[in-house]
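Notes to accompany the following structure.
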Amino acid sequence: MNLNLADAVTIATAVRAQQVSAVEVAIATLDRITARNPALNCFTTVTTETALADAAKIDRAIASGQDPGVLAGVPFAVKNLFDIAGITTLAGSKINAENPPASRDATAIAKLKQAGAILVGALNMDEYAYGFVTENAHYGATHNPHDTNRIAGGSSGGSAAAVAGGMVPLTLGSDTNGSIRVPAALCGVYGLKPTYGRLSRAGAFLFASSFDHIGTFTRSVRDVAIAFDVLQGWDSRDPVCTQRSPVETLHVTSLQPDNIDGLRIAIAEDYFRTGAEPEALAVVERVAQVLGATQYVTIPEAHRARAAAFIITACEGANLHLANLRSRLEDFDPATRDRFLAGAMIPASWYIQAQRFRRWFRDRVRAIFQHVDLILAPTTPCVAPFIGQQTIQLDGREILVRPHLGLFTQPLSFIGLPVLSVPIARSNGLPLGVQLIAAPYNEGKILQVAAMLEAEGVIAASVVD
């Protein structure tokens with residue numbers, strides 16, 4: 001078994017069968033991090049001692065006949081905005097580095113540990129999750145494993161690159177306007193943004209509370225499902241966490257391809273078919289062809305949804321950091337600082353109008369899902385730009401890189417829809433992703449379609465050995 005390429009289910013199965021010990025997996029993972037991280041700059045903290053101790057506990061549990069959990073011995077890492085007991089939560093910032101260590105693990109970390117997974121560290125990100133590039137002024141840029149001259153995407157860039165770079169099979173990230181889906185697409189891995197409120201954010205440093213989701217990066221559809229199943233459940237520590245009963249999704253990944261026959265699948269047109277490189281649109285058509293999807297739908301006023309998302313996130317983010325903007329302005333990453341300052345000056349009437357539009361937009365999109373079960377759209381308008389690249393040429397226009405990588409993700413997180421960015425299997429060329437979009441709480445339908453596409457060889461994680 002090549003641990004650099006194996007998915008979480010493969011590793012857990014081998015550990016449970018005692019074909020390999022959890023300690024052996026942990027040691028191999030830590031060695032891989034030591035070898036690969038200098039080139040990629042994914043990890044800001046490596047939890048060597050606790051990882052080895054937790055792995056030894058898993059091995060003792062197995063030896064004594066106890067159930068070690070469905071993710072027994074699986075190494076995982078988290079975006080450094082998740083609280084790790086005993087470690088200061090950076091959230092990609094210089095300012096937070098002065099805070100005391102966290103007193104307890106974030107709920108998501110605790111759930112994964114309870115399932116037997118082994119935490120090996122924290123991962124680089126855009127400061128305060130405000131960006132799509134993970135070019136951090138304090139902790140450096142994270143490099144794309146497929147071309148280290150290019151960005152990994154953001155703001156969860158370290159999370160995506162660690163999976164694509166063969167260091168860990170599972171990571172946690174957060175998604176406000178596309179911060180899971182964009183790096184997943186650019187690095188060639190699976191990135192799930194569940195329904196808003198579906199997974200607990202307790203113990204995660206928030207950016208914009210009315211947008212923020214947590215989710216996962218993985219190497220297979222079944223890993224998306226098993227991690228989602230483990231992470232579900234109401235949490236009193238997160239006021240927006242849904243009280244809906246958890247649903248099991250892992251079983252849908254083993255269904256036969258004909259099980260999607262009853263699903264109504266459409267392609268997003270208009271806004272989602274402009275402003276992108278032809279290859280980014282072509283991969284959507286490729287997926288649609290395999291699925292037999294010929295229907296097109298228009299998501300109305302998507303461009304206004306994106307504009308409103310900019311306003312609301314800027315306002316909410318600036319408000320959260322207002323005290324430090326007043327007293328410690330020079331300690332912010334300049335790229336983050338300037339956008340927070342702009343957000344602090346947005347009139348309240350704009351914010352209110354954006355929220356009113358949000359309700360209108362949500363109702364219109366929900367009406368679309370009365371007639372379709374799943375919508376396809378590109379994840380990013382292009383492949384990963386170069387590190388330091390300021391502009392890109394798209395649709396005959398020169399536009400800024402940082403804001404436009406979220407062109408196709410922002411209108412969807414604006415109303416909390418569940419979305420999985422799936423990596424398109426490409427024999428040559430840099431990674432690209434396609435978004436599988438469903439109505440709220442329909443993650444199972446997304447995974448059902450993704451499993452079929454994976455079985456057909458249309459989608460597959462691209463991991464650098």
Side-chain angles (χ1 to χ4, degrees), residues 33 42-51 53-54 57 69 71 74-130 134 136 138-139 154-160 162 168 170-176 179-180 192-194 196-209 211-217 227-228 230-241 316-317 320-321 323-324 336:
I33 292 169
C42 296
F43 283 81
T44 53
T45 301
V46 180
T47 55
T48 302
E49 292 185 9
T50 55
D54 290 346
K57 290 178 184 177
L71 292 174
V74 173
F76 77 102
V78 302
K79 190 174 182 176
N80 71 28
L81 55 66
F82 287 88
D83 286 348
I84 301 172
I87 294 174
T88 296
T89 306
L90 296 175
S93 71
K94 174 183 176 181
I95 294 172
N96 278 32
E98 300 172 11
N99 292 346
S103 60
R104 62 188 292 189
D105 287 337
T107 294
I109 293 176
K111 284 178 175 286
L112 290 173
K113 285 183 174 181
Q114 288 164 9
I118 308 298
L119 179 67
V120 296
L123 300 158
N124 199 19
M125 58 180 284
D126 286 295
E127 184 184 60
Y128 295 125
Y130 206 170
T134 312
N136 189 299
H138 313 301
Y139 304 104
S155 62
S156 309
S159 299
V168 285
L170 170 65
T171 60
L172 292 180
S174 66
D175 191 305
T176 304
S179 289
I180 287 174
L192 175 68
K193 182 198 80 64
Y196 179 76
R198 193 63 161 140
L199 305 183
S200 173
R201 309 173 304 179
F205 195 98
L206 299 181
F207 164 27
S209 181
F211 281 76
D212 289 343
H213 308 61
I214 70 161
T216 57
F217 296 86
F228 179 64
V230 166
L231 291 167
Q232 289 182 71
W234 178 69
D235 183 4
S236 62
R237 294 176 62 208
D238 181 359
V240 307
C241 191
E316 292 184 1
L320 182 65
H321 297 283
N324 283 331
T336 308

Yes or no on side-chain hydrogen bond (donor to acceptor under 3.5 Å, both in side chains) for Ser159 and Lys79, after CA distance, side-chain angles and deciding distance? CA-CA 6 Å; Ser159 299; Lys79 190 174 182 176; over 6 Å; no
So Leu123 and Thr171, side-chain contact (heavy atoms from CB on, under 4.5 Å) or not? Walk me through it. CA-CA 9 Å; Leu123 300 158; Thr171 60; 3.7 Å; yes
Would you please test Thr44 and Asn124 for side-chain hydrogen bond (donor to acceptor under 3.5 Å, both in side chains) and show each step? CA-CA 6 Å; Thr44 53; Asn124 199 19; over 6 Å; no
His138/Lys94 under side-chain hydrogen bond (donor to acceptor under 3.5 Å, both in side chains): CA gap, chis, key distance, verdict: CA-CA 6 Å; His138 313 301; Lys94 174 183 176 181; over 6 Å; no
Please test Asp83 against Thr89 for side-chain hydrogen bond (donor to acceptor under 3.5 Å, both in side chains), starting from the C-alpha separation and ending with a verdict. CA-CA 6 Å; Asp83 286 348; Thr89 306; 2.6 Å; yes
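Rounding to the nearest 0.5 angstrom, the gap separating the NZ atom in Lys111 from the CG atom in Asp235 is 7.0 Å. Taking CG of Asp105 as the reference point, atom CD1 of Ile87 lies at 9.0 Å (rounded to 0.5 Å). Rounding to the nearest 0.5 Å gives a distance of 8.5 Å between OG of Ser155 and CD1 of Ile180. For the atom pair Thr134 OG1 and Asp126 CG, the distance stands at 4.5 Å (nearest 0.5 Å). A distance of 4.0 Å separates CG in Leu81 from CE in Met125, rounded to the nearest 0.5 Å. One distance of note links OG of Ser93 with CG of Asn80; it measures 8.0 Å at 0.5 Å rounding.
Scanning both residues, Leu231 and Ala108, for their nearest heavy atoms gives CD2-O, 3.5 Å. Here the closest non-hydrogen pair linking Cys241 and Gly233 is SG-O, 3.6 Å. Nearest heavy-atom pair, Cys42 versus Ala162, reported as atom, atom and distance to 0.1 Å: SG-N, 3.6 Å. The nearest pair of heavy atoms linking Ala106 to Gly203 is CB-O, 3.5 Å. A pairwise comparison of heavy atoms in Phe82 and Gly173 identifies CZ-O, 3.7 Å as the closest pair. Closest heavy-atom contact between Phe217 and Ser179: CZ-O, 4.2 Å.
At a threshold of 4.5 Å between non-hydrogen side-chain atoms, the residues Ile84 and Ile109 count as touching. For the pair Leu119 and Thr50, the minimum side-chain heavy-atom distance is 4.5 Å or more. In this structure the side chain of Phe205 never reaches within 4.5 angstrom of the side chain of Leu90, judged on heavy atoms. Proximity of Ile118 to Phe76: side-chain heavy atoms (C-beta onward) are nowhere separated by under 4.5 Å. Counting heavy atoms from C-beta on, the side chains of Tyr128 and Leu320 never come closer than 4.5 Å. Using a 4.5 Å heavy-atom threshold, the side chains of Leu170 and Leu112 count as touching. Using a 4.5 Å heavy-atom threshold, the side chains of Ser174 and Arg201 count as separate.
Side-chain atoms of Thr47 come within 3.5 Å of backbone N or O of Val120 as a donor-acceptor pair. Listed for the Thr88 side chain is a donor-acceptor partner under 3.5 Å among the backbone atoms of Asn99. Between the side chain of Asn136 and the backbone N or O of Gly92 there is at least one donor-acceptor pair closer than 3.5 Å. In terms of modelled atom types and a separation under 3.5 Å, the side chain of Lys193 and the main chain of Gly215 share no donor-acceptor contact.
Few gaps surround CZ on Arg237; more than 12 heavy atoms of other groups in view lie less than 6.0 Å from it.
Classified by interplanar angle (parallel below 30°, tilted 30° to 60°, perpendicular above 60°), the ring pair Phe207/Tyr130 is tilted.
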